[in-house]
Protein chains: 2
Amino acid sequence: MIRLSKRVEYGLIAIRHIATKPAGEIVTAKEIADTYGIPYELLSKVLQKLTKSGLISSHQGMRGGYALARAPAEIPVSLIISAIEGTRQAIVQCLSEGPQTCTVFTVCTIKSPLTKVQANIERAFSTMNLSEIV
Amino acid sequence: MIRLSKRVEYGLIAIRHIATKPAGEIVTAKEIADTYGIPYELLSKVLQKLTKSGLISSHQGMRGGYALARAPAEIPVSLIISAIEGTRQAIVQCLSEGPQTCTVFTVCTIKSPLTKVQANIERAFSTMNLSEIV
DNA sequence: TGAAAGTGGACTTGAACGGTCGTATATTAA
DNA sequence: TTAATATACGACCGTTCAAGTCCACTTTCA
Ligand code: SF4
Ligand code: SF4
């Protein structure tokens with residue numbers, strides 16, 4: 001079906017939470033987890049992925065935590081999704097894992113229209129940035 | 001992630017195949033399965049669901065098969081998806097299984113923007129009909 | 001009557017998701 | 001220097017679901 005993973009939802013909630021704070025303020029994973037009732041360990045994983053892709057910056061050690069690495073307007077939702085999902089972010093297999101991975105690719109008659117749908121969805125997510133959902 | 005199920009893809013391929021035939025011509029599940037290399041039993045289930053929702057008509061017995069029940073322009077892709085997926089066709093849980101099913105619903109800060117995204121996707125699928133993908 | 005077709009339920013398998021645990025490492029305050 | 005607090009990271013577990021398979025039944029027509 002067409003469903004966002006919980007990780008993506010948690011990531012969106014978390015990065016939005018960070019964005020509501022004064023710029024540069026550091027927020028801990030625990031604070032976010034407690035605020036929204038999200039499993040701490042799972043949220044940590046998500047925040048680490050967002051860190052690795054450069055959307056937020058991490059600060060280890062005591063008094064550490066996370067802060068935005070860019071302005072909210074510079075963070076499209078599409079980047080958040082791809083940071084968390086890695087591959088598997090396309091509506092159909094052949095568009096994310098490659099044509100070879102689908103056994104019916106050569107005779108498939110719907111990949112062309114679905115590619116257009118995919119483009120529409122991508123555009124929807126890339127034109128919406130963090131500042132719009134705060 | 002955001003992915004169409006294989007059932008939906010098979011359903012789209014199948015119903016498009018039927019639509020390419022002269023109106024009223026009956027096509028067997030076996031013919032479709034053979035043409036596209038789709039597992040026959042799985043395809044049958046999908047066609048049965050499309051039949052139950054009135055998008056195609058079935059004819060049992062020898063020389064039986066399936067035919068379109070409406071004109072292609074009267075079959076939006078959204079109907080095909082909902083016929084096959086039943087529930088679980090929303091981008092987030094709270095929109096398809098109901099608000100109560102999500103443990104963080106009351107404090108969730110992203111459901112409002114995601115509802116808009118959902119509306120966009122629904123519009124994309126409901127404005128595209130079968131005649132456009134043939 | 002029998003072959004060809006749809007109907008429908010049960011079942012298996014594998015992968016993915018959500019979640020958890022344990023440990024290592026970095027930083028800072030006392 | 002040390003203890004507390006925080007991220008980093010990999011391994012692990014249980015459930016659910018998608019995909020596919022199997023089989024028994026019914027309908028229809030030649
Ligand atoms: S080739 Fe067709 S069936 Fe295969 S993944 Fe792409 S759209 Fe789906
Ligand atoms: S309430 Fe928020 S977290 Fe829960 S399903 Fe809806 S969007 Fe996702």
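Each chain gets a letter, A, B and so on, in the order the sequences are listed, and its residues count up from 1.
Residue A:Y40 is in base contact, counting any heavy-atom pair closer than 4.0 Å across all strands shown. Nucleic acid contact for B:K30: none, since no nucleic acid atom lies under 4.0 Å from a heavy atom of the residue.
Under a 4.0 Å N-O distance rule, the pair A:E31/A:K21 qualifies as a salt bridge.
Between A:E41 and A:H59, the residue anchored closer to the 5' end of DNA chain C is A:E41, taking for each the nucleotide with the nearest heavy atom. Heavy-atom nearest nucleotides on DNA chain C were determined for B:T28 and for A:L42, and the one closer to the 5' end corresponds to B:T28.
B:Y66 places its OH atom 14 Å from the C1' atom of D:dT28, with the value rounded to the nearest Å. One atom, CD of B:E31, and another, C1' of C:dA4, lie 14 Å apart when rounded to the nearest Å. Regarding A:R3, its CZ atom lies at a distance of 23 Å from the P atom of C:dA15, rounded to whole Å. Separating the CD atom of B:Q48 from the P atom of D:dT27 is a distance of 14 Å, rounded to the nearest angstrom. Rounding to whole angstrom units, CD1 of residue A:I38 and P of C:dT20 are separated by 12 Å. One atom, CD of B:Q60, and another, C1' of C:dG8, lie 11 Å apart when rounded to the nearest Å. Taking atom CD1 of B:I26 as the reference point, atom P of C:dA4 lies 17 Å away to the nearest angstrom. Atom pair A:E85:CD and C:dG18:C1' shows a separation of 13 Å (rounding to whole Å applied).
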Between B:V27 and B:Y66, is the side-chain contact (heavy atoms from CB on, under 4.5 Å) condition met? List the steps.
CA-CA 5 Å; B:V27 186; B:Y66 299 93; 5.6 Å; no
side-chain contact (heavy atoms from CB on, under 4.5 Å) assessment of A:I75 paired with A:N129
CA-CA 5 Å; A:I75 303 183; A:N129 63 54; 5.7 Å; no
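Closest to the side chain of B:R7, from the set C:dC17, D:dA19, C:dT27, is D:dA19. In this structure, of D:dA19, C:dG19, C:dT7, it is C:dT7 that holds the atom nearest to the side chain of B:S58. Out of C:dG18, C:dT7, C:dA29, the shortest distance to the side chain of A:M62 is found at C:dA29.
On a pure distance criterion of 3.5 Å, no polar donor-acceptor pair joins the side chain of A:R63 and the base of C:dA29. For a distance-only test at 3.5 Å, the side chain of A:K45 qualifies as a donor-acceptor partner of the base of D:dG10. Looking at B:K52, its side chain has no donor and acceptor atom pair within 3.5 Å of the base of C:dG8.
The side chain of B:Y10 places no N or O atom within less than 4.0 Å of a non-bridging phosphate oxygen (OP1 or OP2) of D:dA19.
In this structure, A:L43 CG and A:Y36 OH are separated by 10.5 Å, a value rounded to the nearest 0.5 Å.
A donor-acceptor contact under 3.5 angstrom links the side chains of A:R3 and B:S96, judged on distance only.
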